[in-house]
Amino acid sequence: SQQGEEDPQALSIQEGENATMNCSYKTSINNLQWYRQNSGRGLVHLILIRSNEREKHSGRLRVTLDTSKKSSSLLITASRAADTASYFCATDKQGAQKLVFGQGTRLTINP
Amino acid sequence: KAGVTQTPRYLIKTRGQQVTLSCSPISGHRSVSWYQQTPGQGLQFLFEYFSETQRNKGNFPGRFSGRQFSNSRSEMNVSTLELGDSALYLCASSWLTGVEKLFFGSGTQLSVL
């Protein structure tokens, strides 16, 4: 079973708007990562947040982590057409020594 | 610096055949992980290799195997192919572990007919 579950499964917004995706997980983690995948291609690492961190920024990306609720959110501000992709969260469950990916959120940015 | 290279990009096989996929990690990266991606199951961890040793394994049957060479290049093999093995197979490399920032290749799209 998947450790991480993204919500929503699909999101369609207008260019310039902000996009928020959420990820929930089940067990204690060491870190949580977000990746982007353009159709049929490999994944690209976006950001890593450790369990003792609450918020991280990278350019137009903002990630939050709430370990008490076992959830994370990815905010993309001022979206662009090039942001159209699938976004995955991946968790490093304590003791597992492997990344477990969620099912992803498919984001579409309409011009 | 060259990225992760996977070959071939596309592959078509028939049931019962076997297939070998190749992955060249980023220079200096010693950890190589393999993932299977399907529309129904999403991204599933296959295994991770470090210094020619399998360090971690996912929940896949023994038909799925892999190895890593002294130059960190890795191969995975699937024997006795089944229709359900049709998937995008992704290789990812990192410096030391399979749980830090991963660099992915473009994948091998395997179709089993």
Side-chain angles (χ1 to χ4, degrees), chain A residues 1-10 21 23-53 56 58 61 63 65 74 85-106, chain B residues 2-7 9-11 21 23-26 29 31-50 53-60 66 86-111:
Chain A
S1 63
Q2 298 288 0
Q3 160 79 324
E5 298 290 339
E6 280 97 338
D7 168 55
Q9 289 188 338
M21 288 157 271
C23 169
S24 60
Y25 56 92
K26 298 173 184 173
T27 61
S28 296
I29 60 172
N30 294 313
N31 70 61
L32 185 146
Q33 302 179 43
W34 285 91
Y35 288 82
R36 183 188 76 228
Q37 183 181 37
N38 290 91
S39 182
R41 307 295 291 183
L43 282 73
V44 175
H45 182 269
L46 295 176
I47 202 163
L48 181 154
I49 186 166
R50 301 198 184 279
S51 60
N52 61 352
E53 297 175 309
K56 273 188 106 166
S58 177
L61 306 180
V63 168
L65 178 64
L74 170 67
S86 291
Y87 291 81
F88 295 88
C89 70
T91 51
D92 165 20
K93 190 170 78 170
Q94 287 181 2
Q97 283 298 304
K98 64 181 180 183
L99 281 185
V100 179
F101 286 81
Q103 293 282 12
T105 293
R106 183 175 297 179
Chain B
V4 178
T5 304
Q6 288 189 249
T7 56
R9 182 72 178 95
Y10 300 95
L11 207 49
L21 312 181
C23 172
S24 293
I26 289 173
H29 285 190
S31 170
V32 174
S33 300
W34 288 88
Y35 287 83
Q36 180 197 65
Q37 186 177 27
T38 60
Q41 297 297 314
L43 280 149
Q44 301 283 324
F45 172 78
L46 282 157
F47 25 65
E48 184 217 351
Y49 286 86
F50 181 86
T53 300
Q54 187 182 87
R55 190 157 63 177
N56 208 342
K57 189 178 188 306
N59 191 24
F60 278 82
S86 294
L88 180 66
Y89 289 87
L90 292 163
C91 164
S93 75
S94 58
W95 289 105
L96 292 174
T97 75
V99 294
E100 58 191 293
K101 175 179 175 179
L102 298 183
F103 295 80
F104 281 83
S106 295
T108 294
Q109 183 67 56
L110 172 65
S111 297

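Any value given below was found using the heavy atoms of this structure, including those in side chains, with hydrogens, waters and symmetry copies removed. So you know, we letter chains A, B, ... as the sequences are listed, proteins then strands, and number each from 1.
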key: Full working for side-chain contact (heavy atoms from CB on, under 4.5 Å) between B:F103 and A:V44   = CA-CA 7 Å; B:F103 295 80; A:V44 175; over 6 Å; no
[atom1] of [X]: more than 12 outside heavy atoms within 6.0 angstrom?
X	atom1	answer
B:R55	CZ	yes
B:Q54	CD	yes
B:N59	CG	no

task = Sort B:L88 into side chain, backbone, both or neither according to what part of it lies under 4.5 angstrom from a heavy atom of chain A.
result =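 For B:L88, the side chain is the part near chain A, not the backbone.
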query = Tell me, side chain or backbone of B:R9 under 4.5 Å from chain A's heavy atoms, or both, or neither?
reply =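 Side chain of B:R9 only, per the 4.5 Å heavy-atom cut-off to chain A.
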message = Does either side chain, that of B:Q37 or that of A:Q37, offer a donor lying less than 3.5 Å from an acceptor on the other one?
response =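 Short answer, yes.
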Distance (rounded to the nearest 0.5 Å) between [X] [atom1] and [Y] [atom2]:
X	Y	atom1	atom2	answer
A:N31	B:K101	CG	NZ	13.0 Å
A:H45	B:F104	NE2	CZ	10.0 Å
B:E100	A:N30	CD	CG	12.5 Å
B:F45	A:Q97	CZ	CD	9.5 Å

request  = Let me know if A:L43 has heavy atoms under 4.5 Å from chain B in its side chain, its backbone, both or neither.
outcome  =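 Both backbone and side chain.
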request  = Check whether A:Q33 gets within reach of chain B through its side chain, its backbone, both or neither, counting any heavy atom under 4.5 Å.
outcome  =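 Looking at A:Q33, just its side chain touches chain B.
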query = Is the centre of the B:Y35 ring less than 6.0 Å from the centre of the A:F101 ring?
reply =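 Yes - the distance between ring centres of B:Y35 and A:F101 falls below the 6.0 Å cut-off.
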task = Tell me, out of B:G58, B:A92, B:G105, B:S106, who's got the most heavy-atom pairs with chain A below 4.5 Å.
result =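 That would be B:S106.
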query = Given side chains that start at C-beta, do those of A:F88 and B:L43 come closer than 4.5 Å, heavy atoms only?
reply =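 A side-chain contact exists here, since the closest heavy-atom pair is under 4.5 Å.
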